[in-house]
Chemist: 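Before I ask anything, here is the structure I am working with.
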Amino acid sequence: MQLARLPRVRLAPLPTPLEEAPRLRHALGGGRGGPRVLVKRDDLTGLGMGGNKVRKLEFHLGDALAQGCDVLVTTGAIQSNHCRVTAAAACRAGLEAVLILRPGEPQDVQGNLLLDRVFGARIRIAPGPTSASVEAAVAEEMDALRREGRRPYLVPKGASTALGAAAYVEAYMEMLGQTTTMGAVVDAIVFCTGSGGTHAGLLAGAVLCQSGVEVVGISDGASRAELAPIVTSLINDVAETLDVAIRVAPEAVIVLEDYGGTYGVPTPECLDAIRLAARTEGLLLDPVYTGKAMAGLADLVRRGRWREDQTVVFWHTGGQPALFAHARALEGPE
Ligand SMILES: *Cc1c(COP(=O)(O)O)cnc(C)c1O
């Protein structure tokens, strides 16, 4: 595997912790006893309040610097964690960041949008929410920067590229090493999937290690029909980048659609899951991704998907700054 040869800038203190969550396990299992629950703390990747984008950006920033680029350009929702971490990564390397944000969510200067400003990113709101409109604004910005003599580096949405997926192949192996040390055998990983890079990396890692671990993506609102082919195509790309022979059929990609609702809008079950994790373990989830993933885990445990002697890793991908942008939804005492 050619991972060590990829240009990289270290941004995250690795490995991130893998923590036991006994009180959460008990609460999820109710009277029936659910599987052992371990939490992989990729919310603790450090840079700019962390999350899964930090691992992915280590390789993108390495690539940008190797190419002599001087400004990072990327895109995402108004409350994008990816844009916030890209802005922080640019600061770390002495580059500028330009963020093209997709309109649609409230534009209060709160949460990630506030942090984008603190990091000094140049923020531009795309004229419309469609991908065509956002892509046109990105292309315009790239051209304008080149005309000014700048060397822009485009980080695709969510940093979900072969490089981003490669970071999660490595993360998978990191987790496997930790569970081996603990004497635990993992049966499943549950996490929130959105632009597909995390999913592709974790699934590629599981296939590479022939570990038989079930890789369960809970959708952030995207449909399975849309996501599964993105994940398989990213797996092909990362296999090529790492020079390994793996292939995954779209049917083998697990994307559960029942917990995402509308992207960026927390469901009642998501809000309950945020309170549950907070009140059992002091663990903060987020209202757009990890709260939905936990709502999914809760439902799957309730339905008896795993036995008491099995182990599930809940992969915490971060996102907590968005809590503050959703204060209204969370202020109630429930
Ligand atoms: C981006 C993001 C995800 C989804 O990861 P993808 O690799 O884009 O699928 C999940 N959780 C959080 C907190 C994120 O910011």
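All values reported here derive from a predicted model rather than from experimental measurement. Atoms within a ligand are numbered from 1 in the order they appear, just like the ligands themselves.
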Chemist: Consider every N or O of T198 and every N or O of ligand 1, then say whether any pair is closer than 3.5 Å.
Modeler: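 So ligand 1 has an N or O lying under 3.5 Å from an N or O of T198.
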
Chemist: Which is it for K56 and ligand 1 at heavy atoms under 4.0 Å: side chain, backbone, both or neither?
Modeler: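 It is the side chain that gets close, since no backbone atom is under 4.0 Å.
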
Chemist: Judged by non-hydrogen atoms, does G197 sit under 4.0 Å from ligand 1?
Modeler: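 G197: in contact with ligand 1 (<4.0 Å).
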
Chemist: Checking contacts here: is it the side chain or the backbone of N81 that comes within 4.0 Å of ligand 1, counting heavy atoms only? Could be both or neither.
Modeler: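 Side chain only; the backbone of N81 stays clear of ligand 1.
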
Chemist: Side chain of R25, backbone of P35: donor and acceptor closer than 3.5 Å?
Modeler: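 Yes, the answer is positive, given that a donor and an acceptor are paired below the 3.5 Å cut-off.
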
Chemist: At less than 4.0 angstrom from any non-hydrogen atom of C192, what atoms of ligand 1 do you find?
Modeler: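 Contacts of ligand 1 toward C192, numbered from 1: 4 (C), 10 (C).
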
Chemist: Aromatic contact between H199 and F191, with the criterion being ring centroids under 6.0 Å apart: yes or no?
Modeler: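 Between H199 and F191, the centre distance is under 6.0 Å.
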
Chemist: With no hydrogens and no angle check, do the side chains of N112 and S80 hold a donor and an acceptor under 3.5 Å apart?
Modeler: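 N112 vs S80: no donor-acceptor pair found between side chains.
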
Chemist: Output the list of atoms in ligand 1 that are nearer than 4.0 Å to some heavy atom of G319, sorted by atom number.
Modeler: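 Checking each atom against G319, I get 13 (C).
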
Chemist: Pick whichever of S195, G291, A222, A293 has a heavy atom sitting closest to atom 6 (P) of ligand 1.
Modeler: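 Comparing heavy atoms across S195, G291, A222, A293, the nearest one to atom 6 (P) of ligand 1 lies in S195.
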
Chemist: Where on K53 is there a heavy atom closer than 4.0 Å to ligand 1, on the side chain, on the backbone, on both, or on neither?
Modeler: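 The answer is the side chain.
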
Chemist: Heavy atoms only, cut-off 4.0 Å: how does S160 contact ligand 1, side chain, backbone, both, or neither?
Modeler: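 The answer is the side chain.
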
Chemist: Could you tell me if any non-hydrogen atom of G51 lies under 4.0 Å from any atom of ligand 1?
Modeler: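 Judged by the 4.0 Å heavy-atom criterion, G51 does not count as contacting ligand 1.
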
Chemist: Output yes when E135 and K157 qualify as a salt bridge under the 4.0 Å nitrogen-oxygen rule, no when they do not.
Modeler: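 Answer for the salt bridge query: no.
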
Chemist: Could you tell me whether K53 sits above the aromatic face of Y168, with NZ or CZ closer than 6.0 angstrom to the six-membered ring centre and within 45 degrees of the axis?
Modeler: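 Because its charged atom misses either the 6.0 Å distance or the 45° angle limit, K53 does not stack over Y168.
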
Chemist: Have a look at L285 and tell me which of K292, Q320, R275, M294 forms a side-chain contact (heavy atoms from CB on, under 4.5 Å) with it.
Modeler: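 Of the listed options, the one satisfying the test is M294.
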
Chemist: Between N52 and ligand 1, find which residue part has any heavy-atom pair under 4.0 Å and reply side chain, backbone, both or neither.
Modeler: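 Side chain only.
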
Chemist: For G48, is there any backbone N or O sitting under 3.5 Å from a side-chain donor or acceptor partner on R84?
Modeler: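 Indeed, once roles are kept as given, a pair shorter than 3.5 Å links the two residues.
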
Chemist: Consider every N or O of G196 and every N or O of ligand 1, then say whether any pair is closer than 3.5 Å.
Modeler: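 Looking only at distances, the answer is yes, because the N/O contact criterion of under 3.5 Å is met.
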
Chemist: Write out the residue and atom name of the closest protein heavy atom to atom 11 (N) of ligand 1, then the distance separating them to 0.1 Å.
Modeler: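 Going by distance alone, atom 11 (N) of ligand 1 is nearest to T317 OG1, 2.6 Å.
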
Chemist: If only atom types and distance count, is the side chain of Q79 paired as donor or acceptor with the main-chain N or O of A322 below 3.5 Å?
Modeler: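 No, the answer is negative, given that no donor and acceptor are paired below the 3.5 Å cut-off.
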
Chemist: Is there a side chain to side chain donor-acceptor pair (under 3.5 Å) between Q67 and D63 once you walk through the steps?
Modeler: CA-CA 6 Å; Q67 292 183 30; D63 191 36; 3.3 Å; yes

Chemist: Specify the protein heavy atom at minimum distance from atom 9 (O) of ligand 1: its residue, its atom name, and the distance to 0.1 Å.
Modeler: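 The closest heavy atom on the protein side is G194 N, 2.7 Å.
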
